[in-house]
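Structure first, then comments.
Hydrogens, waters and symmetry mates are skipped; everything else that's a heavy atom, side chains included, is used.
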Amino acid sequence: MTNKKTPTPVTPSGEASMTFEAVLICDQVRREDNAKLLFIGVYTDIVNVSRLPFPINLTLVAQVRVMEAGSFRFNVNVTDPLGNNVVEGLAGEGRYEGEEGRTAWFPIALPPFVMSAEGEYVARIDFDGGLGRSERFVVRKLIPPVQPITSAPN
């Protein structure tokens with residue numbers, strides 16, 4: 001006797017149903033031939049930069065639990081500490097065909113933008129059906145360490 005799980009029906013509109021689990025911020029995501037994802041340059045909630053303004057390419061990775069497979073649309077906005085939109089209205093769509101109830105990772109590559117100020121930036125990801133999440137990260141300018149000067153006696 002096999003114990004097969006009956007698949008959960010897709011919503012009538014064909015939209016995926018999911019819940020957020022986490023959002024990662026990294027430099028880049030690469031997908032290998034075996035579908036394995038490589039997260040490159042993963043940040044904590046602090047992004048250290050060498051100078052300001054600082055041009056950057058970031059990727060947001062939404063980790064979600066998919067309750068019903070199907071298609072989904074998303075919209076992303078990023079604001080700087082002054083309330084300016086540095087990424088606005090980035091929209092796209094995707095599809096999840098895997099098993100329901102599983103964790104899925106959806107990388108969203110942001111267009112290049114300039115970090116012009118230190119402080120808290122807010123990345124907002126909204127999925128169809130009102131599912132949304134704001135992820136906050138702090139940008140800090142690194143102060144180079146002071147190097148002692150040694151000299152030979154005269």
Side-chain angles (χ1 to χ4, degrees), residues 1-50 53-142:
M1 177 178 199
T2 59
N3 192 6
K4 283 189 173 181
K5 182 182 175 193
T6 306
T8 307
V10 177
T11 58
S13 65
E15 292 176 359
S17 172
M18 57 185 89
T19 58
F20 266 104
E21 292 189 345
V23 174
L24 296 176
I25 301 169
C26 59
D27 289 327
Q28 188 179 49
V29 175
R30 292 188 187 158
R31 184 178 303 270
E32 293 190 342
D33 291 341
N34 63 0
K36 181 171 46 173
L37 297 175
L38 299 175
F39 301 133
I40 300 166
V42 177
Y43 292 95
T44 63
D45 62 342
I46 298 173
V47 176
N48 292 311
V49 296
S50 58
F54 189 81
I56 195 162
N57 292 344
L58 290 178
T59 299
L60 302 177
V61 185
Q63 178 189 15
V64 298
R65 171 106 22 218
V66 179
M67 308 318 282
E68 295 180 19
S71 61
F72 61 91
R73 280 176 283 204
F74 65 87
N75 193 351
V76 177
N77 294 294
V78 179
T79 56
D80 69 11
L82 304 173
N84 300 315
N85 289 321
V86 292
V87 175
E88 185 174 14
L90 174 64
E93 58 183 74
R95 184 158 188 80
Y96 179 76
E97 302 280 348
E99 289 182 43
E100 292 154 349
R102 292 228 175 258
T103 297
W105 298 86
F106 295 114
I108 303 168
L110 301 179
F113 66 95
V114 176
M115 294 178 172
S116 59
E118 287 187 294
E120 186 176 78
Y121 286 68
V122 179
R124 174 82 188 169
I125 304 173
D126 290 302
F127 283 106
D128 282 339
L131 177 65
R133 179 156 179 156
S134 291
E135 193 67 26
R136 299 172 186 282
F137 60 97
V138 174
V139 171
R140 288 189 190 155
K141 183 178 173 188
L142 283 176

Nearest 0.5 Å, please: how far is [atom2] in [Y] from [atom1] in [X]?
X      : Y      : atom1 : atom2 : answer
Leu38  : Glu32  : CG    : CD    : 4.5 Å
Arg102 : Arg65  : CZ    : CZ    : 8.5 Å
Met67  : Thr19  : CE    : OG1   : 6.0 Å
Leu60  : Glu135 : CG    : CD    : 8.5 Å
Ser71  : Glu97  : OG    : CD    : 9.0 Å

Please report the closest heavy-atom contact between [X] and [Y], naming both atoms and the distance.
X      : Y      : value
Leu131 : Met18  : CD2-O, 3.1 Å
Arg31  : Pro107 : NH2-CD, 4.5 Å
Val87  : Pro111 : CG1-CD, 4.0 Å

Check salt bridge (Lys or Arg N to Asp or Glu O under 4.0 Å) between [X] and all other residues, then give those that pass, not counting sequence neighbours.
X      : answer
Glu93  : none
Glu118 : none
Glu120 : Arg136
Asp126 : Arg124

Please name all residues satisfying ring-ring contact (aromatic ring centres under 6.0 Å, His included) with [X], sequence neighbours left out, ordered by chain then number.
X      : value
Phe54  : none
Phe127 : Phe20, Phe72
Phe137 : Tyr121

Query raised in the report: If you look only at pairs with a residue in residues 29-49, which of them pass as a ring pair (Phe, Tyr, Trp, His ring centres under 6.0 Å), with sequence neighbours excluded?
Result: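 Ring pair (Phe, Tyr, Trp, His ring centres under 6.0 Å) check on residues 29-49 returns Phe39-Trp105.
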
**Report entry** Residue pair Val49, Met115: steps toward the side chain to side chain contact (heavy atoms under 4.5 Å, CB included) verdict
**Finding:** CA-CA 9 Å; Val49 296; Met115 294 178 172; 4.3 Å; yes

Query raised in the report: Who passes side-chain contact (heavy atoms from CB on, under 4.5 Å) against Asp45, sequence neighbours left out?
Result: none

Requested in this report: Apply the test side chain to side chain contact (heavy atoms under 4.5 Å, CB included) to residues Gln63 and Leu24: give CA-CA distance (whole Å), side-chain angles for both, the deciding distance (0.1 Å), then the verdict.
Outcome: CA-CA 8 Å; Gln63 178 189 15; Leu24 296 176; over 6 Å; no

What residues, two or more places apart in sequence or in another chain, satisfy side chain to side chain donor-acceptor pair (under 3.5 Å) together with [X]?
X     : value
Asn85 : Glu88
Asn84 : Asp80
Gln28 : Arg30

Requested in this report: Begin with the C-alpha distance, continue with both residues' side-chain angles, and end with the deciding distance and a verdict on side chain to side chain contact (heavy atoms under 4.5 Å, CB included) for Val42 and Cys26.
Outcome: CA-CA 4 Å; Val42 177; Cys26 59; 4.1 Å; yes

**Report entry** Step-by-step side chain to side chain contact (heavy atoms under 4.5 Å, CB included) determination, Leu58 to Asp27
**Finding:** CA-CA 5 Å; Leu58 290 178; Asp27 289 327; 4.2 Å; yes

